[in-house]
*Asks:* 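Got a structure here, written out as structure tokens. Questions coming.
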Amino acid sequence: MSASGQAATGAQTPAIEREARRTALILAAAQAIVGSAAPICFALGALAGHYLLGLDKSLATAPLTGFNVGVAVGALPAAAIVRRLGQRDGFLTGTGLTALGGLIATIALFQSSFWIFAFGLLVVGFGSAFVQQFRFAAADNAPPAFKARAISFVLAGGVFTAMIGPQVVIFTKDLLEPVMFAGAFAALIVLAGIGALVLAQLRPRPLVEKAHEAVSSGRPLTEIIAKPRFITALTCAVGSYAMMTFVMTGAPLAMVGCGFTSDEATLGISWHVMAMFAPSFFTGRLISRFGAPTIVAIGFALLIGCGLVALSGIQLWQFWTALILLGLGWNFGFIGSTAIVAECYTPEEKGKVQGFHDFVLFTSVAFASLMSGAVYNAWGWDMLAWILFPLSGLCLVMLVLQTIADRRHRAA
């Protein structure tokens, strides 16, 4: 490269990073607002399901499963829509779906219809599939040295999600009395509208980038997903997210079952979501300094700690502490795994890889949420905690083996 070319590239780098930072901050704000749909569903989905069911409560978590199925089913279409329309218009489509799901769920509660309520949360989940694309969008717009921090920026928006979502639940769940919980789901419509105003500030994607993507789609998907490094990263992402969902979904039922109020259960979810996202302010720097595999390993160690605390007793502080450790473990495990996944594909391959990643991820998460209610109903809170140990151990073994293989590859 000529001296003039190097100078031009050097001059462009700060501008590229500034634009990447701006995009990440907009997406972080949208994560805080539209992302609040998730903790609202987490806090009230199972409780509302319990409220709508008759004597048999074993399907109480099915509405949350509907939410997670929506995220899973929406993963590939969301990625395709964002790729087709661009990030701004694609994400605005997602906010419309979130609002529609909130409307359906509210109507279902007024009609006392369990299955329509579950369908409403499925539609909310489909809208949330677009929120899951935020972290990839931030990374895709960032230079290589800024990718991990861009992902952390977006997930740091979840700190505000931890405050907004549960507070919306506390202040609106009885707003439409005598219909319990309806006010909180109606609030999703307002949150989606505010989020749309934020996302409208994204710049339209340049047409040249779309043209470039049309020229080449990179390697076949089957070749990418067969790589051991991708398999390990995906397994760790699925493991951390599915275990978090499995325990978190059953936690409100367990707390209320132990005599605590729904507000206390909601505050427990608030602490949990705060722990999920608060470390994101520095997780990217930790990944840059110590490497993603080390941070992922710490995440699974924290999940094991969550299980130990959950088994130690059923006082409120023990529930809340377990949920905090669960959130911290998810943050390190999932962000670290996402950073590894982002290293496994080129810009031309991002759409299909990200869509496949989220489809597998949220299909597993949906199964975990459904099993949470069944396991809790059959064996109680302790069994939810015990299951963390073998799954965390499996992910740690795969991570260690992949790290050894990577070191041998570099040495060769």
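For the single chain, residues carry numbers from 1 onward in sequence order.
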*Asks:* Within the distance-only criterion (no hydrogens, no angle test), does the side chain of Q133 pair as donor or acceptor with the backbone N or O of A129 below 3.5 angstrom?
*Replies:* no

*Asks:* Is the closest side-chain heavy-atom distance between L176 and F110 below 4.5 Å?
*Replies:* yes

*Asks:* Does a side-chain heavy-atom distance below 4.5 Å link K227 with I231?
*Replies:* no

*Asks:* With the side chain counted from C-beta on, respond yes when V71 and V365 share a heavy-atom pair under 4.5 Å apart, and no when they do not.
*Replies:* no

*Asks:* To the nearest 0.5 Å, tell me how far T23 OG1 sits from R88 CZ.
*Replies:* 12.0 Å

*Asks:* Walk me through it: do E19 and R203 pass the test side chain to side chain contact (heavy atoms under 4.5 Å, CB included)?
*Replies:* CA-CA 10 Å; E19 183 61 25; R203 303 192 200 282; 2.9 Å; yes

*Asks:* Return all side-chain donor-acceptor pairs below 3.5 angstrom for residues 114-125, not counting sequence neighbours, or 'none' if the list is empty.
*Replies:*
none

*Asks:* What I'd like to find out is whether the side chain of I304 reaches to under 4.5 Å of the side chain of L388, using heavy atoms alone.
*Replies:* no

*Asks:* Between T363 (side chain) and A72 (backbone), is there a donor-acceptor pair under 3.5 Å?
*Replies:* no

*Asks:* Rounded to the nearest 0.5 Å, what separates atom CE in M276 from atom CH2 in W271?
*Replies:* 15.5 Å

*Asks:* Could you report the tightest heavy-atom contact between L199 and A30, atom names first, then the distance?
*Replies:* CD2-CB, 3.5 Å

*Asks:* Let me confirm one number: the CZ-CG distance from F356 to L361, rounded to the nearest 0.5 Å.
*Replies:* 11.0 Å

*Asks:* Taking all non-hydrogen atoms of both residues, which atom of L326 and which atom of H272 are closest, and how far apart?
*Replies:* CD2-CE1, 3.6 Å

*Asks:* Between T61 and L64 (side chain of the first, backbone of the second, donor and acceptor by atom type, cut-off under 3.5 Å), is there such a pair?
*Replies:* no

*Asks:* Does Q167 reach the main-chain N or O of I164 with its side chain, forming a donor-acceptor pair under 3.5 Å?
*Replies:* no

*Asks:* Would you say V69 and L370 make side-chain contact, with heavy atoms under 4.5 Å?
*Replies:* no

*Asks:* Rounded to the nearest 0.5 Å, how far does SG of C306 lie from CD1 of I324?
*Replies:* 10.5 Å

*Asks:* Using side-chain heavy atoms (C-beta onward) and a distance below 4.5 Å, is V169 in contact with F181?
*Replies:* no

*Asks:* Check whether more than 12 heavy atoms from other residues, nucleotides or ligands sit under 6.0 Å from atom CD1 of I189, and answer yes or no.
*Replies:* yes

*Asks:* Which class fits the ring pair F334 and H357: parallel under 30°, tilted 30 to 60°, perpendicular over 60°?
*Replies:* tilted

*Asks:* Name all pairs fulfilling the side-chain hydrogen bond (donor to acceptor under 3.5 Å, both in side chains) condition that reach into residues 29-55, sequence neighbours left out, sorted by first residue then second.
*Replies:* none

*Asks:* Give the intermediate values and the outcome of side chain to side chain contact (heavy atoms under 4.5 Å, CB included) for residues F319 and F260.
*Replies:* CA-CA 11 Å; F319 278 112; F260 301 109; 3.9 Å; yes

*Asks:* Output yes when R219 and E348 qualify as a salt bridge under the 4.0 Å nitrogen-oxygen rule, no when they do not.
*Replies:* no

*Asks:* Return the set of residues passing side chain to side chain donor-acceptor pair (under 3.5 Å) with Q111 (not counting sequence neighbours), or none when no residue passes.
*Replies:* none

*Asks:* With sequence neighbours excluded, what pairs up with R22 under the side chain to side chain donor-acceptor pair (under 3.5 Å) test?
*Replies:* none

*Asks:* Report yes or no: does S113 contribute a side-chain atom to a donor-acceptor pair with the main-chain N or O of L109 at less than 3.5 Å?
*Replies:* no

*Asks:* Which residue pairs pass the side-chain hydrogen bond (donor to acceptor under 3.5 Å, both in side chains) test when at least one of the two sits in residues 311-331, sequence neighbours left out?
*Replies:* S280-N331, T283-N331, S312-Q318

*Asks:* Start with the C-alpha distance between S372 and V247, add both sets of side-chain angles, then the distance that settles side chain to side chain contact (heavy atoms under 4.5 Å, CB included), and finish with yes or no.
*Replies:* CA-CA 7 Å; S372 177; V247 175; over 6 Å; no

*Asks:* Considering only residues two or more places apart or on different chains, which pairs with a residue in residues 159-175 satisfy salt bridge (Lys or Arg N to Asp or Glu O under 4.0 Å)?
*Replies:* K173-D263

*Asks:* In Å, rounded to the nearest 0.5 Å, how long is the span from OG1 of T235 to CE of M398?
*Replies:* 3.5 Å

*Asks:* Below 4.5 Å, heavy atoms only, C-beta onward: do M371 and F367 meet side chain to side chain?
*Replies:* yes

*Asks:* Test of understanding: with ring pair (Phe, Tyr, Trp, His ring centres under 6.0 Å), list the residues that count as partners of F134, not counting sequence neighbours.
*Replies:* F91

*Asks:* Holding to side-chain contact (heavy atoms from CB on, under 4.5 Å), I want the full list of residues that pass it with V256, two or more places apart in sequence or in another chain.
*Replies:* L47, A265

*Asks:* Decide side chain to side chain contact (heavy atoms under 4.5 Å, CB included) for V34 and L191; before the verdict, give the C-alpha distance in whole Å, the side-chain angles of both, and the deciding distance to 0.1 Å.
*Replies:* CA-CA 6 Å; V34 186; L191 289 171; over 6 Å; no

*Asks:* Within a 6.0 Å radius of atom CZ on F160, are there more than 12 heavy atoms belonging to other residues, nucleotides or ligands?
*Replies:* no

*Asks:* Can you pull the side-chain hydrogen bond (donor to acceptor under 3.5 Å, both in side chains) pairs that have at least one residue in residues 64-80, sequence neighbours excluded?
*Replies:* T65-S369, N68-S369

*Asks:* State, to 0.1 Å, how close A138 and L27 come at their nearest heavy-atom pair, and which atoms those are.
*Replies:* N-CD1, 3.8 Å

*Asks:* So which heavy atom on S337 is nearest to which on V296, and how close?
*Replies:* N-CG2, 3.5 Å

*Asks:* Compare every heavy atom of T172 with every heavy atom of A187, then report the nearest pair and how far apart it is.
*Replies:* CB-OG1, 4.3 Å

*Asks:* Distance-only, no hydrogens or angles: does the T106 side chain make a donor-acceptor pair with backbone N or O of A186 under 3.5 Å?
*Replies:* yes

*Asks:* For residues 22-49, pull every pair meeting ring pair (Phe, Tyr, Trp, His ring centres under 6.0 Å), keeping only residues two or more places apart or in separate chains.
*Replies:* F42-F67

*Asks:* List in chain and number order the residues that pass ring pair (Phe, Tyr, Trp, His ring centres under 6.0 Å) with W386, two or more places apart in sequence or in another chain; answer none if no residue qualifies.
*Replies:* F389

*Asks:* So if I apply the side chain to side chain donor-acceptor pair (under 3.5 Å) rule between D406 and each of R410, H409, Q402, which one comes out positive?
*Replies:* Q402

*Asks:* Kindly state each residue pair satisfying salt bridge (Lys or Arg N to Asp or Glu O under 4.0 Å) with at least one member in residues 91-101, sequence neighbours excluded.
*Replies:* none

*Asks:* Could you tell me whether a side-chain N or O of T249 sits under 3.5 Å from a main-chain N or O of T245, the two making a donor and an acceptor?
*Replies:* yes

*Asks:* Do V400 and V397 come close enough that some side-chain heavy atom pair is under 4.5 Å?
*Replies:* no

*Asks:* How close do G250 and L384 get, heavy atom to heavy atom, and via which atoms?
*Replies:* CA-CD1, 4.0 Å

*Asks:* Just verifying a value: how many Å separate L303 CG and L325 CG, rounded to the nearest 0.5 Å?
*Replies:* 9.0 Å

